[in-house]
Amino acid sequence: MEVPEQKIKLTYDSAGNVIALDEQTNAVHKVLINEKEISIIIDAEPKVPFTMKNVAYFHNETNIPNAKFEISVADDEKQEMLTNSVGEDSVTLGKFETDLAKTYTVKQLVTGEGYASIGDFQIQVTFDENRNITNTKILEK
Amino acid sequence: MDTIQVADYYEKLVNPIETKIVFDLNGNVKANETILANQTQSGFGEIWNINQVNTIQGNDIDILVNIDTCDPLIVNIKTQDKLSSKELTNFKYKITPSVNLPATGTTRLEVGYVIPNGIQTYTIKQMQMK
C-alpha cells in the first residue's frame with residue numbers, strides 16, 4: 001500500500017506546546033494533542049491485488065517461469081510482473097472504485113523460454129457501491 | 001517590548017543574566033576578581049560563564065551562554081486501511097523539517113524541534129511500502 005505525502009500544520013504556544021493541529025491533506029486525521037506530543041491516524045489506500053499464473057497452452061500443468069508482463073490501468077499506473085518457478089507473480093494496482101468497472105491491460109514483455117508470445121489482453125474489474133469486487137472478465141478483442 | 005530573540009528550535013532564557021564586573025583604579029576589568037564576583041550569580045557556571053576577560057579588544061569580558069534546544073515534538077502515527085479501518089504495521093515515515101533528529105520511524109517519531117509561539121507545517125512522507 002502506498003500513502004501519499006501528507007502535511008500537518010502545528011501552532012505552538014510560548015512554551016513550545018502544540019495548541020492547534022490542522023490537517024492539510026485528507027489522509028491524515030488528528031487524534032490527540034498533549035503538550036509536545038501529538039497522535040494522528042493516516043489512511044493507507046489499498047490497491048487491487050492481481051495474481052498472474054503463466055502455464056503452457058497444451059499442458060496446463062506446466063508452469064512457465066521467467067515470463068515478464070506489464071499490467072496497466074487507465075490512469076497511467078502500471079506494474080511489471082515476472083513469473084517465478086511455479087509461473088506466478090502478484091502485484092497490486094489501481095484503487096478500489098465505487099460502482100464502477102475498470103479496465104486493466106496486460107502486455108507480455110518477455111516470453112518464457114521456448115514459448116510463443118501472447119497478444120495484449122484486457123481485464124475488466126467491476127466494483128460495487130462498497131468497493132467490493134463483484135465481477136472480473138477478460139474482454140473480447 | 002520583548003527584545004530577546006532566540007534562534008528557531010532553541011529555548012529562551014528563563015531569567016535574565018546579571019553579571020558583576022570589577023574594575024581597577026584605571027577602569028580596566030580585573031579578570032580574577034570579576035570571575036570570583038560572579039560565583040554567586042544565578043546560573044553562573046551552568047547557564048552562562050565568563051569565557052575570557054580583556055581579549056584583543058581590551059577591557060572587555062566575553063560571556064558564554066548555554067542555550068538548550070527545545071524538547072522534540074513526539075508524533076504518534078497509527079496507519080490504517082482506508083477501506084476496512086484495520087490497523088496496518090511496518091509503514092515507515094519521515095517527517096520534515098527536523099533539525100538534528102532524523103524524525104523517522106513507524107509509530108513514534110521524534111521531530112527536532114518545536115517553534116515556541118510559531119507555526120510550522122510538516123510533511124509526512126512514506127519511506128517504504130508494504
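Protein chains get the first letters and strands the later ones, always in sequence-line order, with residue 1 at the start of each.
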Checking side-chain contact (heavy atoms from CB on, under 4.5 Å) for the pair A:Ile40/B:Lys78: CA distance, chi angles, key distance, verdict? CA-CA 6 Å; A:Ile40 56 175; B:Lys78 175 185 170 187; over 6 Å; no
Are more than 12 heavy atoms from other residues, nucleotides or ligands located less than 6.0 Å from atom [atom1] of [X]?
X        : atom1 : result
A:Lys137 : NZ    : no
B:Lys94  : NZ    : yes
A:Lys47  : NZ    : yes
A:Glu140 : CD    : no
A:Glu5   : CD    : yes
B:Glu18  : CD    : no
A:Asn60  : CG    : yes

Does the side-chain contact (heavy atoms from CB on, under 4.5 Å) test come out yes or no for A:Ile42 and B:Phe91, once each step is laid out? CA-CA 10 Å; A:Ile42 293 179; B:Phe91 279 74; over 6 Å; no
Please confirm whether the backbone N or O of A:Val3 pairs with a side-chain atom of B:Gln126, one donor and one acceptor, at under 3.5 Å? yes
Which bit of A:Val31 is near chain B, if near means a heavy-atom gap under 4.5 Å: side chain, backbone, both or neither? neither
Separation between [atom1] of [X] and [atom2] of [Y], rounded to the nearest 0.5 Å:
X        : Y       : atom1 : atom2 : answer
A:Lys36  : B:Leu73 : NZ    : CG    : 10.0 Å
B:Asn117 : A:Asp13 : CG    : CG    : 7.0 Å
B:Leu83  : A:Glu45 : CG    : CD    : 6.0 Å
B:Thr123 : A:Ile8  : OG1   : CD1   : 9.0 Å
B:Thr96  : A:Lys7  : OG1   : NZ    : 6.5 Å
B:Ile119 : A:Ile19 : CD1   : CD1   : 8.5 Å

Ring pair (Phe, Tyr, Trp, His ring centres under 6.0 Å) pairs, two or more places apart, involving residues 6-47 of chain B: B:Phe44-B:Trp48
Given B:Asp71, B:Val111, B:Ile74, B:Ile115, the one with more heavy-atom pairs under 4.5 angstrom with chain A than any other is B:Ile74
Minimum heavy-atom separation for A:Ser14 and B:Pro116, please, with both atom names. O-CB, 3.3 Å
Under a 4.5 Å side-chain heavy-atom rule over Ile, Leu, Val, Met, Phe, Trp and Tyr, are A:Ile118 and A:Val91 clustered together? yes
Determine, for B:Arg108 against A:Glu37, whether the closest basic-nitrogen to carboxylate-oxygen distance falls under 4.0 angstrom. yes
One option among A:Asn34, A:Thr11, A:Ile38 has the most heavy-atom pairs under 4.5 Å with chain B, and it is A:Ile38
